[in-house]
Amino acid sequence: VTSPVTQARHRSGGKWFRAAAAPPSLRGGGTVRSMSPPTLPVTGDAEADKLLIDNPLALMIGMLLDQQVPMEWAFGAPLRLKERLGGRLDATEVAAGDPAELEKIFRGPPALHRYPGSMAKRTHALCQHLVEHHGGDAAAVWAGVDDGRELLRRVKALPGYGTEKAKIFTALLAKRFGVRPAGWEQATAPFSDDQPRSVADIDSAETLQRVRSWKKAMKAEGRSKSD
């Protein structure tokens, strides 16, 4: 059975954020701001960036892989994975597939991650979770959720998502895609602020460089993204 979110996404030409982000005028910080088309120029590859915008599962997998490798590698991997899976990236199909075959796909060459074996297992577990709890639809994780703490709880329940990763991904949904349930700022703090500290803050080549510079400075001071 196709979920209402998936049906809405198909009707809107794959632009899932239109179905998930409501209303079109977003209230944040006491002001009303119109939602412009989302951008996430993080990979250096226009096709890979577009997949992150068009396919919520690709975005979710990219966030899953965003550890111990550069952001470009992590968020560029979903496109490579889609190509190796025959041109489709579907949670139900991945979940039903052989985990050993998925691991071979992750290993390449080239590998989709520095640790392809463990990340293949996490990707398979993520897709199984989506099938079991959200009808195989990644966008159903946030569709209709009107409380920021509940959204964070749902994201944190995803395999491979710890507290910090869940906060960053929830802030990414809010800042880049307009998925802003009440209280999202408090739920995702400090990643909801204006400091360019994570992928949630990237909307141009300039902000990508600012995030990189900030991370480098924090590392030099022995501090983390959440400091």
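Note that these values count all heavy atoms, side chains included, but never hydrogens, waters or copies made by symmetry.
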Under the rule for side chain to side chain contact (heavy atoms under 4.5 Å, CB included), what residues qualify as partners of T39, not counting sequence neighbours?
P41, D203
D90 meets the side-chain hydrogen bond (donor to acceptor under 3.5 Å, both in side chains) criterion, sequence neighbours left out, with none
Looking at H134, is its backbone amide N or carbonyl O close enough to the side chain of D137 to form a donor-acceptor pair, meaning the two atoms are under 3.5 Å apart?
no
Set of side-chain hydrogen bond (donor to acceptor under 3.5 Å, both in side chains) partners for K165, sequence neighbours left out
Q67
I'd like to check the ring pair (Phe, Tyr, Trp, His ring centres under 6.0 Å) partners of F75; sequence neighbours left out, ordered by chain and number.
none
Please name all residues satisfying salt bridge (Lys or Arg N to Asp or Glu O under 4.0 Å) with D66, sequence neighbours left out, ordered by chain then number.
none
Check side-chain hydrogen bond (donor to acceptor under 3.5 Å, both in side chains) between K156 and all other residues, then give those that pass, not counting sequence neighbours.
T163
Within this structure, what is the CZ-NZ distance for the pair F191 and K175, rounded to the nearest 0.5 Å?
9.5 Å
Residues passing the salt bridge (Lys or Arg N to Asp or Glu O under 4.0 Å) test with E221, sequence neighbours excluded, are R223
Which residue pairs pass the salt bridge (charged side-chain N to carboxylate O under 4.0 Å, His left out) test with at least one member in residues 117-131, sequence neighbours excluded?
E103-K121
Using the ring pair (Phe, Tyr, Trp, His ring centres under 6.0 Å) criterion, which residues pair with H124? Sequence neighbours excluded.
none
Of all residues at least two apart in sequence or in a different chain, which pass the salt bridge (Lys or Arg N to Asp or Glu O under 4.0 Å) check with E206?
none
Show every ring-ring contact (aromatic ring centres under 6.0 Å, His included) that has at least one partner inside residues 102-121, sequence neighbours left out.
none
Contact check, side chains of T43 and L79, non-hydrogen atoms, under 4.5 Å:
no
Verify the cluster assignment for I168 and L152: are they in a single hydrophobic cluster under the rule of side-chain heavy atoms below 4.5 Å apart?
no
Linking I/L/V/M/F/W/Y whenever their side-chain heavy atoms sit closer than 4.5 Å, directly or via other members, would L172 and M71 fall into one cluster?
yes
Nearest heavy-atom pair of L151 and V141: which atoms, and what distance?
CD1-O, 4.0 Å
In chain order, what residues pass the salt bridge (Lys or Arg N to Asp or Glu O under 4.0 Å) check against R210, with sequence neighbours excluded?
none
When rounded to the nearest 0.5 angstrom, what is the spacing between CE in M60 and CG in L130?
5.5 Å
Cluster link L102 to L57, ILVMFWY, side chain under 4.5 Å:
yes
